[in-house]
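Before any comments, here is the structure.
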Amino acid sequence: MIVDLRSDTVTRPSAAMRRAMAEAEVGDDVFGDDPTVNRLQARAAEMLGFEQALLFPSGTQSNLAALMSHCGRGDEYLVGQEAHSYRFEAGGGAVLGSIQPQPLAHRPDGTLDLAEVEAAIKPDDPHFARTRLLALENTLGGKALPRCYFDHALELARRRNLSTHLDGARLFNAAVKLGVAARDLCRGFDTVSVCLSKGLGAPAGTLLLASRELISKARRARKILGGAMRQAGVLAAAGLYALEHNVERLAQDHANAERLAAGLRDAGYEVEGPHTNMVFVKSRAGLAEHLRKNGIEVLPGARLRLVTHLDVDAAGIERALDAFRRFGNLS
Ligand SMILES: *Cc1c(COP(=O)(O)O)cnc(C)c1O
């Protein structure tokens, strides 16, 4: 058995999740009559404290639909340099939304300097794009950012008339790590995006949470982007199963990441983290190949990001540590 630490997106639907998918009652969701999609959206909205939710095929599309719901052509959003929606989504806001990003550097703890955020808001002047939106992320690079940071950021956004979006692809990792309810981390945001396809173990799907009015804009954007699906209840059933069974257990992934980080440090590696389910380790020439030969999958790079998830158990962590130790002894 391969121990795959490339990402928590590699999780495969369990037998019980597949059963729920096979048995899902479905309809045509473009007509709004897929009962399982409707159930998932209602459940998520209730759970996270929003009027409505909307199911997307991916987090990239959910983020982009949110940007397009807040911003029009020639508008601008403020976003962290390392934020997924800025860095890892192929510039979709600019390509498809005609929205200009204004990226800002993160501090080492993953937060933005709110004085810098405020200074980046453009004056009302035809020289400038119109600053409309502040987009934040939690977790960011695995770091669970605390509620008090968001309180200050949301206060600034309100005072300066900016809309707010939270990319909470791994929102539940943050909530479990901080020991708070996920809805408490969402409070005050206009839109929140939450992935079902990462640590929660569903094969696909992301939920966007918002008011009725913003969801109706996001539904239009989803249609434009080609994300309106038909019998999507098959996927929604996986999402419902994930929300029911795979949230609390994220604590196990965090514990495995702690074990992995401690073991790597003991073996002499330079380690950052763990941050929730992620551990970062400085690589050495030949390490990724050595790991692969020993059944441990990692994404190669100067700094390896190792991600724990529900398809890696404690024994898998020990096997990974063994492989790292053997390489340490060779070099
Ligand atoms: C994975 C991820 C996304 C995008 O999700 P996809 O479903 O892969 O498109 C968005 N934001 C963050 C923070 C992510 O980690």
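Counting starts at 1 for both ligands and their atoms, following the listed order. Hydrogens, waters and symmetry mates are skipped; everything else that's a heavy atom, side chains included, is used.
Listed by chain and number, Ser58, Gly59, Thr60, Asn63, His84, Glu89, Glu137, Asp167, Ala169, Arg170, Cys195, Lys198 each place a non-hydrogen atom less than 4.0 angstrom from ligand 1.
Between Phe189 and Phe150, the ring-plane angle classifies as perpendicular under the 30° and 60° cut-offs.
Applying the salt bridge (Lys or Arg N to Asp or Glu O under 4.0 Å) criterion to Arg39, with sequence neighbours excluded, gives no partner residue. Not a single side-chain contact (heavy atoms from CB on, under 4.5 Å) links Ser216 to another residue, sequence neighbours left out.
Listed by first then second residue, pairs satisfying side chain to side chain donor-acceptor pair (under 3.5 Å) with a partner in residues 223-252 read Asp28-Arg230, Arg249-Asp253, not counting sequence neighbours.
Checked against the 6.0 Å centroid threshold, Tyr86 and Tyr77 do not count as a close aromatic pair.
Judged by the 6.0 Å and 45° rule, Arg305 forms no cation-pi pair with Phe280.
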